[in-house]
Amino acid sequence: MTLRIYNTLTNQKEEFIPLDPGKVRLYVCGPTVYSHSHIGHARSAVSFDVIYRYLKHLGYDINYTRNYTDIDDKIINRANADGEDWKVIAERYIESFDKDMQGLGVELPTNRPRATESIEKIIELIETLISKGYAYAVGADVFYSVRKFEGYGKLSGKNIEDLESGARVQIDERKEDPLDFALWKSSKDGEPWWKSPWGNGRPGWHIECSAMCLEWLGETIDIHGGGKDLVFPHHENEIAQSEAATGKPFARNWIHNGFVNIEKEKMSKSLGNILNISEALEENSAESIRLFLLSSQYRSPIDYTSETLKENEAKAERFYRTIKRIEEAGASSDNFDAESYEKKLAHFKAAMDDDFNTAAAIGKVFEEIAEANRSLDKAAKKGTEIPLEELGATARLFSEISAILGIFAKSPAEYFSEVKERASIDSAEIEKLVKARLAARAAKDFAKADEIRDQLTAKNIILEDRDGETFWTVKQ
RNA sequence: GGCGGCGUACCCAAGUGGUAAGGGAGCAGUCUGCAAAACUGUCAUUCAGCGGUUCGAAUCCGCUCGUCGCCUCCA
């Protein structure tokens, strides 16, 4: 089995071969920290989190670097609007992002550099570009000369003439060509600045990623990723900057994740439908959000609706119910049939090897769920022995998969108690009613028992009687 | 205007040349005091439409229709 990845650079799936055998250098564009992160950031983060985890599972020694862009026009605008220091803004939203990531169960990347920590590298890079003739200074501003770079457009499939004619950019008189973009911006009064050979200023939007890649991962990296919208111009410009400076290929594979729509509409400020991660986490479990994000292939657009999230909560519940059953039957991942486990794992990996097809991989999980329930039903019905080692293989498989997908990692008890917490249920009160109903049932007073159940149903509580006990949970 | 993606059942969604995974919803059954859960059966002779290539196509090619994105800040 070999891993195949869809490469935006070639528009096809390719066998993944890292530059150095056994080692992977992965860079993903992180957030510009000027506001709270939204569900779109969550998709990017979760997609690459799974890619990172899966590459680790495959045994790669992986360096995953994800930056924070903590200096940018948007941050400055926000600071001006709110009358706060730009550093305070950046710091606040870095913290906010980190908290969101923790809430979503996203693992920490190997490195999390900040743009402002790489100013020296940025300046050095710009100097190289100027000396090689790819950039020019106009006063204290420096621009990149797009036409000098031969491969410009190779990532986004655009050609310079089309861009020129369709250009909606306002003409900046200082540019030699309208397509040229800023590497270094001179600072106006009250704006943050760093000393540079061209005067006081700050880096342009694209240069910081080129610099941080170079600084943390080297001249050529294996995978560069980000949201689809970054293909042009951000990543196109990164290629132009990096390859012009080093003369070497910048990234061998480009991975871009698709967008998240909200109720069939694009998230945008004008529509006012931006859904922050923290809001999504208030309404849904992290489990169902991750499951939702991973239930489609990472490149397809997905639609966030309350209904879809509910469906995914139901999926998660089905998973935990089954795991609970498996555990209660006495099976465990410590005692498993190795051959069966390998076979099951191979099915899962075949899906993941095909461009991280988490949707298909999750499909495999639910096939296993049905299989496990079937065998438990069968044993119960016929009074035959429970196939503990076979179920152990399933349990083992699930624990391996949860380490990769970052879902299904809780104990069933934890999961169900979180469901109750989120629904703000007074467990003590429910328990009391459940006990009263059990007593009524024992006394064969079914009218009373049903009356209590109706009461509980009104509170959104579902009861399941088995073996003289009653399991209860909240209706999703 | 230029470039690119997508269109699979009631909904979500895999499948990119060998005869339609999975989940949810619905309906019927088994189980149950009744339920719930679980299981079983049912649920696309067909993959937007029309042509073409092929022994064979949801998968490849062409056209049409629909839809979305990028070209400007954006995950």
Side-chain angles (χ1 to χ4, degrees), chain A residues 8 11 13 28-32 34-35 37-48 72-74 77 153 156-159 161-170 205 225-234 236 256-261 264-269 274 291-292 295-297 299-303 305 307-308 310-319 321-322 324-325 347 351 354 357-370 372-378 380-381 441 444-447 449-450 453-454 457 461-466 470-473 475:
Chain A
T8 311
N11 285 316
K13 286 181 195 171
V28 174
C29 290
T32 298
Y34 70 105
S35 70
S37 301
H38 54 65
I39 193 74
H41 296 103
R43 184 176 197 196
S44 179
V46 169
S47 297
F48 287 102
D72 177 89
D73 289 2
K74 289 192 292 290
N77 292 341
S156 53
K158 297 185 186 304
N159 71 63
E161 307 317 318
D162 288 343
L163 284 169
E164 194 85 69
S165 61
R168 285 191 270 163
V169 285
Q170 57 278 57
W205 175 33
K228 220 166 204 156
D229 54 322
L230 295 180
V231 173
F232 188 87
H234 187 55
E236 195 69 71
H256 294 98
N257 66 272
F259 267 44
V260 180
N261 294 321
K264 298 225 186 335
E265 283 185 317
K266 183 183 169 169
M267 255 195 295
S268 74
K269 285 199 187 97
I274 305 238
L291 199 48
F292 159 69
S295 284
S296 303
Q297 216 277 341
R299 282 183 285 123
S300 346
I302 51 175
D303 194 25
T305 67
E307 196 173 330
T308 310
K310 242 191 212 166
E311 273 180 23
N312 281 289
E313 197 67 67
K315 269 189 182 178
E317 190 172 312
R318 178 162 158 82
F319 177 88
R321 274 179 196 284
T322 306
K324 185 166 180 282
R325 260 191 106 182
H347 286 147
D354 182 16
N357 193 338
T358 51
I362 290 169
K364 303 289 177 209
V365 171
F366 283 95
E367 282 177 36
E368 291 298 334
I369 297 266
N373 276 315
R374 252 194 302 274
S375 76
L376 282 163
D377 274 7
K378 198 175 151 194
K381 205 169 194 174
R441 286 186 70 220
K444 301 247 187 271
D445 183 354
F446 294 122
D450 287 350
R453 184 168 54 204
D454 288 346
T457 305
I461 301 297
I462 294 175
L463 303 178
E464 292 175 26
D465 297 323
R466 47 173 167 256
T470 298
F471 169 75
W472 66 273
T473 185
K475 187 168 190 273

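Proteins come first, then strands; the chains are lettered A, B, ... in the order of their sequence lines, and each starts at number 1.
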Please report the distance, rounded to the nearest Å, between [atom1] in [X] and [atom2] in [N].
| X | N | atom1 | atom2 | answer |
| --- | --- | --- | --- | --- |
| A/His234 | B/C71 | NE2 | P | 14 Å |
| A/Ile362 | B/G24 | CD1 | C1' | 14 Å |
| A/Leu291 | B/A13 | CG | P | 13 Å |
| A/Lys475 | B/A35 | NZ | C1' | 14 Å |
| A/Glu367 | B/A20 | CD | C1' | 14 Å |
| A/Asp303 | B/C6 | CG | C1' | 14 Å |

> Looking across every strand, which nucleic acid part, if any, lies under 4.0 Å from A/Phe471 by heavy atom: base, sugar-phosphate, or nothing?
Replying inline: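 Contact class for A/Phe471: none.
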> What nucleic acid atoms does A/Glu307 come within less than 4.0 Å of, heavy atoms only: base, sugar-phosphate, or nothing?
Replying inline: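 Answer is nothing: A/Glu307 stays at 4.0 Å or more from every strand.
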Expressed in whole Å, how much space separates the [atom1] atoms belonging to [N] and [M]?
| N | M | atom1 | answer |
| --- | --- | --- | --- |
| B/U8 | B/A13 | P | 9 Å |
| B/G52 | B/C71 | P | 40 Å |
| B/U32 | B/C68 | C1' | 49 Å |
| B/G2 | B/U59 | P | 27 Å |
| B/C63 | B/U72 | P | 28 Å |
| B/C10 | B/U16 | C1' | 26 Å |

At less than 3.5 Å, do the side-chain atoms of [X] and the base atoms of [N] form a donor-acceptor pair?
| X | N | result |
| --- | --- | --- |
| A/Glu311 | B/G23 | yes |
| A/Arg441 | B/G33 | yes |
| A/Asp450 | B/G33 | yes |

What's the spacing between [X] [atom1] and [Y] [atom2] if we round to 0.5 Å?
| X | Y | atom1 | atom2 | value |
| --- | --- | --- | --- | --- |
| A/Lys324 | A/Arg321 | NZ | CZ | 8.5 Å |
| A/Glu311 | A/Ser295 | CD | OG | 9.5 Å |
| A/Ile362 | A/Glu367 | CD1 | CD | 13.0 Å |
| A/Arg453 | A/Asp465 | CZ | CG | 7.0 Å |
| A/Thr8 | A/Lys228 | OG1 | NZ | 8.0 Å |

>> If you define the side chain from C-beta out and look only at heavy atoms, does anything of A/Asn257 sit under 4.5 Å from A/Phe48?
In response: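 The answer is yes; the side chains approach within 4.5 Å.
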> Is the shortest side-chain N to carboxylate O distance from A/Arg374 to A/Asp377 below 4.0 Å?
Replying inline: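 Judged by the 4.0 Å cut-off on N to carboxylate O distance, A/Arg374 and A/Asp377 do not form a salt bridge.
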Taking pairing as Watson-Crick or G-U wobble with both contacts under 3.5 Å, can you name the mate of [N], or confirm there isn't one?
| N | result |
| --- | --- |
| B/C47 | none |
| B/C65 | B/G7 |
| B/A20 | none |
| B/C27 | B/G41 |
| B/U59 | none |
| B/C73 | none |

> Hey, which of these two, A/Ala360 or A/Asp465, hits RNA chain B nearer its 5' end, going by closest nucleotide?
Replying inline: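 With A/Ala360 and A/Asp465 compared, the 5'-side residue is A/Ala360.
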Set out, line by line, the N/O atom pairs under 3.5 Å between protein and nucleotides 65-68 of chain B.
none

>> Between the base of B/G33 and the ring of A/Phe446 - centre-to-centre under 5.5 Å, planes within under 30° - is that a stack?
In response: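 Yes, A/Phe446 stacks on the base of B/G33, since the ring centres sit under 5.5 Å apart and the planes are within 30°.
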> Taking only residues two or more places apart in sequence, or in another chain, which ones meet A/Phe446 in a side chain to side chain contact (heavy atoms under 4.5 Å, CB included)?
Replying inline: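 Residues passing side chain to side chain contact (heavy atoms under 4.5 Å, CB included) with A/Phe446: A/Lys444.
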For nucleotides 37-40 of chain B, which of its nitrogen or oxygen atoms have a protein nitrogen or oxygen under 3.5 Å away, and what is each distance?
residue	atom	partner	partner atom	Å
B/A37	O4'	A/Glu464	OE2	3.4
B/A38	OP1	A/Arg318	NH1	3.4
B/A38	O3'	A/Asn373	ND2	3.3
B/A38	O2'	A/Arg325	NH1	3.2
B/A38	O2'	A/Asp377	OD1	3.2
B/A38	O2'	A/Asp377	OD2	2.8
B/C39	OP1	A/Arg318	NH2	3.3
B/C39	OP2	A/Arg318	NH1	3.3
B/C39	O4'	A/Asp377	OD2	2.7
B/U40	OP1	A/Arg374	NH1	2.4

